[in-house]
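Here is the structure we will look at, set down as structure tokens.
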Amino acid sequence: SQQGEEDPQALSIQEGENATMNCSYKTSINNLQWYRQNSGRGLVHLILIRSNEREKHSGRLRVTLDTSKKSSSLLITASRAADTASYFCATFGGGVGKSTFGDGTTLTVKP
Amino acid sequence: KAGVTQTPRYLIKTRGQQVTLSCSPISGHRSVSWYQQTPGQGLQFLFEYFSETQRNKGNFPGRFSGRQFSNSRSEMNVSTLELGDSALYLCASSLDWEIGELFFGEGSRLTVL
């Protein structure tokens, strides 16, 4: 199975609401990154959090990392219809020698 | 600066044929990695090249191969195509694959009939 597993698989909210996605992983890491993918397109990097960091902000995004639980969460505040996309967490480093992406959370933001 | 360029964007092949996909990274990026995305398996890592050397490899059969040229452009090749190879193939470039952010191209969508 994938190193990173997102939860929930799908999330539907109204514009203006907050969206929270969770990611769990199995091995030690150097960093964890979140990406967004609009349907059938390439992935866009959102935010990177290093293993020695606990929280990071970027605009309307807030990412937390709990290395003891091997989990991360992505919070999107005040969501917009344009945030509709799939969101993936990806783990890097930690001796695994390869990048691993989770299965993704599909977010639908209704106007 | 220009982003990651993948060609071709769409292609249709038949079983048994081979295919070559190309990726031009962002100028200055020496790391290029490749991924296969399918509805059933999600995003799977294929391999990563840095300065013309394959540094990391995922769990794909030998039919999947790649290379990187001195200008950092990369190609991946799939021989003896199978129906299950139908997928979106994504290329990403970065300054350092295991540390930094990845910049993805729009992908090459391969359909095998």
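We name chains A, B, ... by the order of the sequence lines, and we start the count at 1 in each one. All of these numbers come straight from a predicted model, not from anything done at the bench.
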Check: Do other residues, nucleotides or ligands put more than 12 heavy atoms under 6.0 Å from the CD atom of A:Gln9?
Finding: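 It does not: A:Gln9 CD has 12 such atoms or fewer within range.
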
Item checked: Minimum side-chain heavy-atom gap A:Val44-B:Phe104 below 4.5 Å ->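 In short, these two side chains do not touch, never coming nearer than 4.5 Å.
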
Next item on the list: Would you check if A:Asn31 and B:Glu101 make a side-chain contact, meaning some heavy-atom pair closer than 4.5 Å?
Entry: no

Next item on the list: Spell out, yes or no, whether A:Leu48 and A:Met21 are grouped together once hydrophobic residues are joined by side-chain heavy atoms under 4.5 Å, including indirect joins.
Entry: no

Check: Going hydrophobic residue to hydrophobic residue with side-chain gaps under 4.5 angstrom, can you get from B:Leu43 over to B:Leu46?
Finding: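 B:Leu43 and B:Leu46: separate clusters.
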
Interchain contact, [X] with chain A, by part (heavy-atom threshold 4.5 Å):
X        : result
B:Glu106 : both
B:Leu102 : both
B:Phe103 : neither

Check: Can you check whether B:Phe45 and A:Phe101 have ring centres sitting under 6.0 Å from each other?
Finding: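 Ring centres of A:Phe101 and B:Phe45 not closer than 6.0 Å.
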
Notebook entry, point to check: CZ of A:Phe88 to CD of B:Gln37: how many Å apart, nearest 0.5 Å?
Noted result: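 Rounded to the nearest 0.5 Å, the CZ-CD separation comes out at 5.0 Å.
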
Next item on the list: Nearest 0.5 Å please: distance from the CG atom of B:Leu88 over to the CZ atom of A:Arg41.
Entry: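 Interatomic distance, B:Leu88 CG to A:Arg41 CZ, rounded to 0.5 Å: 11.0 Å.
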
Check: For A:Leu43, is it the side chain, the backbone, both or neither that has a heavy atom under 4.5 Å from a heavy atom of chain B?
Finding: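 Both backbone and side chain.
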
